[in-house]
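Note sheet for the following structure.
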Amino acid sequence: MSVKRVLSKLSIEDSESPSASLLGFHLDFVPRRLASSRRRFLIAVGSFLSILSLLVLAYISFQPPLVLTEDNIIQPDPTLFWNRKAPLLGPPTSRFRDNLRNDTQYITSWISAGWTNDVMTYSNLIYLAMLTERVPIIGPFTPSHIGGDAGNILFSEVFDIEFLSKTIGIPVLEWSEVKNSSSEEVEDLGCWSVWEAVRVGGSEPRLTNALSLQGLDISYTAGPTWLQKIPGYEHDPHAHFWSIASLLYSPERENNLKEPQPSKVHGAVLPPDEHLACFDYLYYVCAHTSFEFERDISPSWRFVARHFRWAPRLQNIADGYLRRIFKVSDNEAIPPYIAIHARRANDFIVYCRDVPKEDCFPSIPTYRRRIAEIQEETRERLGIDPQHVIMLSDEADPAWWDSIRVEGWYTTDHVAEDTSNKYGRWYPVLIDAVIQSSGIGIIGMEQSTMSLLAGRRVKDWHKGVYKSVKWGTPNADDH
Ligand SMILES: Nc1nc2c(ncn2[C@@H]2O[C@H](COP(=O)(O)OP(=O)(O)OP(=O)(O)O)[C@@H](O)[C@H]2O)c(=O)[nH]1
Ligand SMILES: *[C@@H]1O[C@H](CO)[C@@H](O)[C@H](O)[C@H]1NC(C)=O
Ligand SMILES: *[C@@H]1O[C@H](CO)[C@@H](O)[C@H](O)[C@H]1NC(C)=O
């Protein structure tokens, strides 16, 4: 098993997870009455052991804090878990229906935004699957921001799908495991359109890649307008998980059926499928508050996306980069570090309006202050004093990168490493994302979901610190 990078003694995520008992951990704190003749002896032994354990604890606490090398994630017991592919009849078939069990219900949906948003959308789909007791079938990531020629990448190439399934306690399937990716069969399917329901003033169903990726020709039924969290409010297209779920049950299902729209290829007119439930788009979904991933409560994060651990191969590749960048050998621990994620490309410059770029985006002194804040917190709370700082950014200007290196901060060099040729076009951003989430601190940018997810990972996986920097004016982050 590959070396996963986890903070030794700190990473206790999965021992706290609600499914810990599912994984076979039992704690027995039931008090017992003691016979009085033995009590004194046991109290003496107990006191001795308490003192001993305090000493051991003190010893452990004063160990040089560090990081990595040992994988102390609690591994699920495989004997307590079923085969992830049990909901399939066999290997991928040319028609998806030939591979579904008749005693199991499934659910699917599609992505159509930037990569991080798509990660959140798949997480929402899987959370909805948990709420409705269905098996989620997820597609690959498509290269919307990477460039079309980058091609698609399987979810399981990015995230550890076996770990995910075991940890959340439901099998998660990929479309390529259900239907042969080279099949030319175009199959009809009835789906609900959430997008039509939440867009005020009417809309088409959200454009999906279902036809090109899975050969699915979809006949949509518009969801009811009450799906929208604030019906009629044009600035917020969110819907609640349970409102959407209700369409899969009586009486909401039959009460809201209406004339389905003909599918694009065959002109098929089909009510929403009950065996494979499907929705066009699930990004704007929350339990309580719009854009809920930003909030601690986010159930999609806590129950699902939090368990999107990087695929071991990807983590290993990123660890190799870190070792070369920090100049540590393979058998040395990677030092604890603070990562900075700076979104500086054109899609963020547009938010600056008239403010010049260097005044708009966080300055180096702003980052210095945030680094000091993180160091102070990790010193006090964890006894760790991270000295290494690494910058990850979509900035293209070499002069700006020089100004970063002048600070003594590290950077990734995907040109020198020849990352795209070696691993593919997805890997510069994937490796940077892994590095952002594998330190003890992360400084991100307000408005960036990529920063946000890195922040949640660092907090939950490593008990680390996330600071989100405000920007837009030179003093925006003053506090
Ligand atoms: N290599 C690299 N690319 C980045 C970095 N940050 C942003 N990018 C690029 O910018 C894109 C934006 O991130 P996405 O996750 O695709 O987009 P999004 O879901 O809209 O995320 P945000 O715009 O950050 O909210 C990425 O796909 C990369 O192409 C980074 O730190 N390193
Ligand atoms: C369900 O499938 C099993 C085997 O795959 C078959 O024996 C059974 O008859 C099917 N049941 C129904 C109701 O179609
Ligand atoms: C998928 O289909 C192709 C072409 O029909 C075939 O060659 C291949 O063996 C199939 N793959 C699987 C896993 O069934």
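Just so you know, ligand 1 is whichever comes first in the structure, and atom 1 is the first atom listed for that ligand.
- Note that the CG atom of Asn475 and the CG atom of Asp359 stand 9.5 Å from one another [nearest 0.5 Å].
- Counting heavy atoms from C-beta outward, Tyr233 and His235 have side chains that approach closer than 4.5 Å.
- The closest side-chain donor-acceptor pair between Glu292 and Thr289, if any, does not fall under 3.5 angstrom.
- In this structure, the ring of Phe96 has its center less than 6.0 angstrom from the ring center of Trp175.
- Considering only non-hydrogen atoms, atom 20 (O) of ligand 1 lies nearest to His145 out of Glu395, His145, Met445.
- Protein non-hydrogen atoms do not reach within 4.0 Å of atom 7 (O) of ligand 3.
- For atom 32 (N) of ligand 1, the closest non-hydrogen atom of the protein is Asp432 OD2, 2.8 Å.
- Under the 4.0 angstrom criterion, atom 11 (N) of ligand 3 counts as having a protein heavy-atom contact.
- For atom 4 (C) of ligand 2, the protein comes within 4.0 Å by no heavy atom at all.
- Nearest to atom 9 (C) of ligand 1 among the protein's heavy atoms is Asp394 CB, 4.0 Å.
- In this structure, the side chains of Gln375 and Ile338 come closer than 4.5 Å at one or more pairs of heavy atoms.
- Protein heavy atom nearest atom 1 (C) of ligand 2, with residue, atom name and distance: Asn102 ND2, 1.4 Å.
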Working for side chain to side chain donor-acceptor pair (under 3.5 Å), residues His479 and Glu373 | CA-CA 12 Å; His479 56 279; Glu373 286 171 8; 2.6 Å; yes

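- For Thr378 (side chain) and Ile384 (main-chain N/O), a donor-acceptor pair under 3.5 Å exists by modelled atom type.
- Looking from atom 7 (C) of ligand 1 to the surrounding protein, the closest heavy atom is Arg343 CD, 3.4 Å.
- In this structure, Arg309 forms a cation-pi arrangement with Trp461, its terminal cationic atom sitting closer than 6.0 Å to the ring centre and no more than 45° off the ring axis.
- For ligand 1, none of its N or O atoms has an N or O atom of His414 under 3.5 Å away.
- Nearest protein heavy-atom neighbour of atom 15 (O) of ligand 1: Thr116 OG1, 2.5 Å.
- With salt bridges taken as basic N to acidic carboxylate O contacts below 4.0 Å, one links Glu417 and Arg324.
- In the vicinity of Thr449, heavy-atom distances shorter than 4.0 Å reach the ligand 1 atoms 18 (P), 19 (O), 21 (O), 22 (P), 24 (O), 25 (O).
- Heavy atoms of Ala342 found under 4.0 angstrom from ligand 1: none, in either backbone or side chain.
- Close approach of ligand 1 to Gly114 is summarised as follows: ligand atoms under 4.0 Å from at least one heavy atom of the residue are 16 (O), 17 (O), 19 (O).
- In this pair, Trp195 and Tyr284 present their aromatic rings parallel. The plane angle is below 30°, not in the 30 to 60° band.
- With ligand atoms numbered from 1 in the order given, ligand 3 contributes 1 (C), 2 (O), 3 (C) to contacts under 4.0 Å with heavy atoms of Ser182.
- Under a 4.0 Å criterion applied to the non-hydrogen atoms of Gln447, ligand 1 contributes the atoms 25 (O).
- Note on ring orientation: taking the six-membered ring where Trp is involved, the planes of Phe155 and Phe159 are tilted (angle from 30° to 60°).
- What sits closest to atom 24 (O) of ligand 1 on the protein, heavy atoms only, is Ser448 OG, 2.7 Å.
- Under a 4.0 Å criterion applied to the non-hydrogen atoms of Phe348, ligand 1 contributes the atoms 23 (O).
- Taking the six-membered ring for Trp and thresholds of 30 and 60 degrees, Phe291 and His238 have ring planes more than 60 degrees apart, a perpendicular arrangement.
- For Val429, heavy-atom contacts with ligand 1 shorter than 4.0 Å involve the backbone as well as the side chain.
- Of all protein heavy atoms, the one lying nearest to atom 9 (O) of ligand 3 is Asn180 ND2, 4.8 Å.
- Looking at atom 5 (C) of ligand 1, its nearest protein heavy atom turns out to be His341 NE2, 3.7 Å.
- Cation-pi contact between Arg370 and Tyr367: absent, since separation from the ring centre below 6.0 Å together with deviation from the ring axis within 45° is not met.
- Checked by atom type and distance alone, the side chain of Tyr410 never pairs as donor or acceptor with a backbone atom of Ala339 at under 3.5 Å.
- For atom 14 (O) of ligand 2, a protein non-hydrogen atom is found at a distance below 4.0 Å.
- Close approach of ligand 1 to Leu392 (heavy-atom distance below 4.0 Å) involves ligand atoms 31 (O).
- Interface of Pro428 with ligand 1, defined as ligand atoms under 4.0 Å from a residue heavy atom, comprises 1 (N).
- Under a 4.0 Å criterion applied to the non-hydrogen atoms of Asn117, ligand 1 contributes the atoms 18 (P), 19 (O), 20 (O).
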